[in-house]
Amino acid sequence: MEVNHINMQSDNRDPDRPAHPGIFPTHEAGKSDHQPAECSVDFPVSVVLPAGGTGERTGLQTPKQFCSFLGRPLISYTIQAFERVSWIQSIVVVVAKENMDLMTDIAQRIQHRKVRVVPGGSTRHRSICNGVLALGEGEEEERPKVVIIHDAVRPFVEEDFLYKITMAAKEQGAAGAIRPLVSTVIATTSEGYLDHSLERAKYRASEMPQGFTYDVIYQAYQRCSESDFEFGTECLHLALQYCGTNAKLIQGPPTLWKVTYKRDLAAAESIIKDTLSRSACVITGESAQAVTLAGALQKAVGALDMELDVIPDLMGENGRYLLTDWNFIQVSVNSPCLSNVEALLTDLEAANRALLHPLVVIWVHLSGSDELSVSGRVAEPAAIMDLASAAKLRNILFYGIQLHQSKDTERWEKSMLRVAEITSALIWERSPALVGQLLQA
């Protein structure tokens, strides 16, 4: 087997890429990314994201929540983590007054549909309070049953953990994430000497997200003191002190980490890029041979730590993939017509998701013929380049792989592994320079 035009070695990828945190649009085959079967919520849930910080610890002039990652600000990824959860109805983003226009522009430009932007206060508690009050405007029946409070700079939050926090908050009145301490906590004297240390095993770090019934968090802020507003940071403490609500504490996953320092920005960008390259949606059409080819490809990419969801089309319930996946593989067998690819590109353009980050479409065609056609008409390979050029203007990167059937089992398995390596590399690199080239496997 040989590959023309490009030498795509699987080990070209950075071996030091961070571990995949399992968030963003990745999912197990056959399962909805929006709402796993165990996550059934039949009451209204809203989110408050305090985003008024200045990011002093990063040492940058731009607050970290507005720092750009792959063309999108960090806060957009956090919002996305909540928007893709179908049972969350609204997200209130609380920002400093001078950043209201910036945040509104971000929401409109990236088309965040569940977002409402409200002005924050001079402290964290004042900002969260403003968000809670905003959720309470209007009729009482429109208020959420549960309010989730989360940091704008913690983008790696998973739906299953949000579900645990939400259900615990509904039952207990309050719930929060905790993590084991990684360092021993000590107390010092006023002169700077060791006073005493705490037994680490008895203590936990309080993390986000936290959940509350609306009545509990609203009453807590109505009753708390000016000192709480000015110096406090822990919402669970307010619920306990002013409402007598003892929060249920749930150990969270390691992915709840917060972007705090400058080095965290680079780590977050690497993880975001990595997660977007770890899954793809394979579309087979009605051909049984295409399904078989997709299954072989699915098995081959498994060795590369990549997941493929195989579906026949993007109709009905499968249409959700247009809104969640970043990578698409159109499989065809013995039918060199590119009309299905054209239809996919049209659907992706209509979904309007490639505003800032490119989508990848790969056509994998199994054939014993070198003939190619577009819309049923025999055409030169240049037609693929024309199609790719038009897609590129819409920030969609289109590549082609032509595979020849082999009756030799060993050779066929090697060919499929090679196709998997090429596919994985194209998705990871997202190279505009390779758009439209037909790779022969």
Side-chain angles (χ1 to χ4, degrees), residues 16-29 31-41 45 47-50 64-65 69 74-88 91 146-172 174-183 200-212 233-236 247-261 263-279 305-307 324 326:
D16 296 324
R17 286 188 294 169
H20 176 235
I23 56 88
F24 293 122
T26 60
H27 38 264
E28 297 180 20
K31 290 187 178 181
S32 167
D33 185 62
H34 282 272
Q35 189 165 325
E38 68 272 14
C39 297
S40 177
V41 178
V45 180
V47 178
V48 173
L49 290 181
K64 54 184 177 288
Q65 62 269 28
F69 297 83
L74 177 61
I75 192 172
S76 175
Y77 291 99
T78 307
I79 292 171
Q80 177 188 346
F82 288 98
E83 280 196 323
R84 66 188 177 90
V85 178
S86 61
W87 44 267
I88 290 179
I91 303 165
V146 169
V147 178
I148 297 174
I149 299 173
H150 190 66
D151 290 324
V153 290
R154 293 182 194 259
F156 309 124
V157 58
E158 303 173 4
E159 179 177 356
D160 60 348
F161 190 72
L162 291 173
Y163 177 79
K164 292 177 182 178
I165 291 291
T166 298
M167 299 308 293
K170 181 177 181 291
E171 295 172 3
Q172 299 291 131
I178 57 171
R179 289 287 299 160
L181 292 174
V182 295
S183 300
R200 187 171 59 186
K202 293 183 177 180
Y203 297 89
R204 295 293 183 270
S206 179
E207 305 283 359
M208 290 288 173
Q210 295 177 354
F212 306 84
T233 58
E234 181 54 75
C235 299
L236 297 179
K248 173 67 175 179
L249 302 179
I250 305 173
Q251 181 159 317
T255 53
L256 292 179
W257 63 279
K258 180 180 180 182
V259 176
T260 304
Y261 301 102
R263 63 178 180 270
D264 297 331
L265 299 174
E269 182 170 31
S270 180
I271 291 174
I272 289 169
K273 184 176 180 180
D274 189 68
T275 56
L276 296 183
S277 68
R278 291 287 183 161
S279 67
D305 197 21
M306 185 177 179
E307 293 182 357
T324 60
W326 295 89

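Numbering starts at 1 and runs along the sequence shown.
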Please lay out, stage by stage, how E159 and W87 fare under the test side chain to side chain contact (heavy atoms under 4.5 Å, CB included). CA-CA 10 Å; E159 179 177 356; W87 44 267; 3.1 Å; yes
Verdict with reasoning, W257 to I271, per side chain to side chain contact (heavy atoms under 4.5 Å, CB included): CA-CA 12 Å; W257 63 279; I271 291 174; 3.5 Å; yes
Side chain to side chain contact (heavy atoms under 4.5 Å, CB included) between L162 and V45: does it pass, once the steps are laid out? CA-CA 11 Å; L162 291 173; V45 180; over 6 Å; no
Where do M208 and K258 land on the side chain to side chain contact (heavy atoms under 4.5 Å, CB included) test, with the steps shown first? CA-CA 9 Å; M208 290 288 173; K258 180 180 180 182; over 6 Å; no
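How far CD of Q65 is from OH of Y77: 15.5 Å, rounded to the nearest 0.5 Å. Expressed to the nearest 0.5 Å, how far OG of S40 lies from OH of Y163 amounts to 6.5 Å. A distance of 11.5 Å separates CD1 in I165 from CD1 in I149, rounded to the nearest 0.5 Å. Once rounded to the nearest 0.5 Å, the distance linking CD1 of I91 with CD of E83 reads 4.5 Å. With rounding to the nearest 0.5 Å, the separation of CZ in R204 from CZ in R179 is 10.0 Å.
Scanning both residues, V146 and T166, for their nearest heavy atoms gives CG2-O, 4.0 Å. Closest approach of A152 to T78, counting heavy atoms only: O-OG1, 2.7 Å. Taking every heavy atom of both residues into account, L236 and A175 meet most closely at CD2-O, 3.8 Å. The two residues V259 and A268 make their nearest non-hydrogen contact at CG2-CB, 4.0 Å. Pairing each heavy atom of S183 with each of R200, the nearest pair is O-CD, 3.5 Å. The shortest non-hydrogen separation linking I88 to I148 is CD1-CD1, 4.5 Å.
In this view, Q172 and K248 satisfy the side-chain contact (heavy atoms from CB on, under 4.5 Å) rule, not counting sequence neighbours.
Under a 3.5 Å cut-off, the side chain of R154 and the backbone N or O of L256 do form a donor-acceptor pair. Not one N or O on the side chain of S279 forms a donor-acceptor pair closer than 3.5 Å with the backbone of E307.
In this structure, P209 and F161 have side chains that are in contact, with non-hydrogen atoms separated by less than 4.5 Å.
Ring planes of F82 and H150: perpendicular class, angle over 60° (limits at 30 and 60°).
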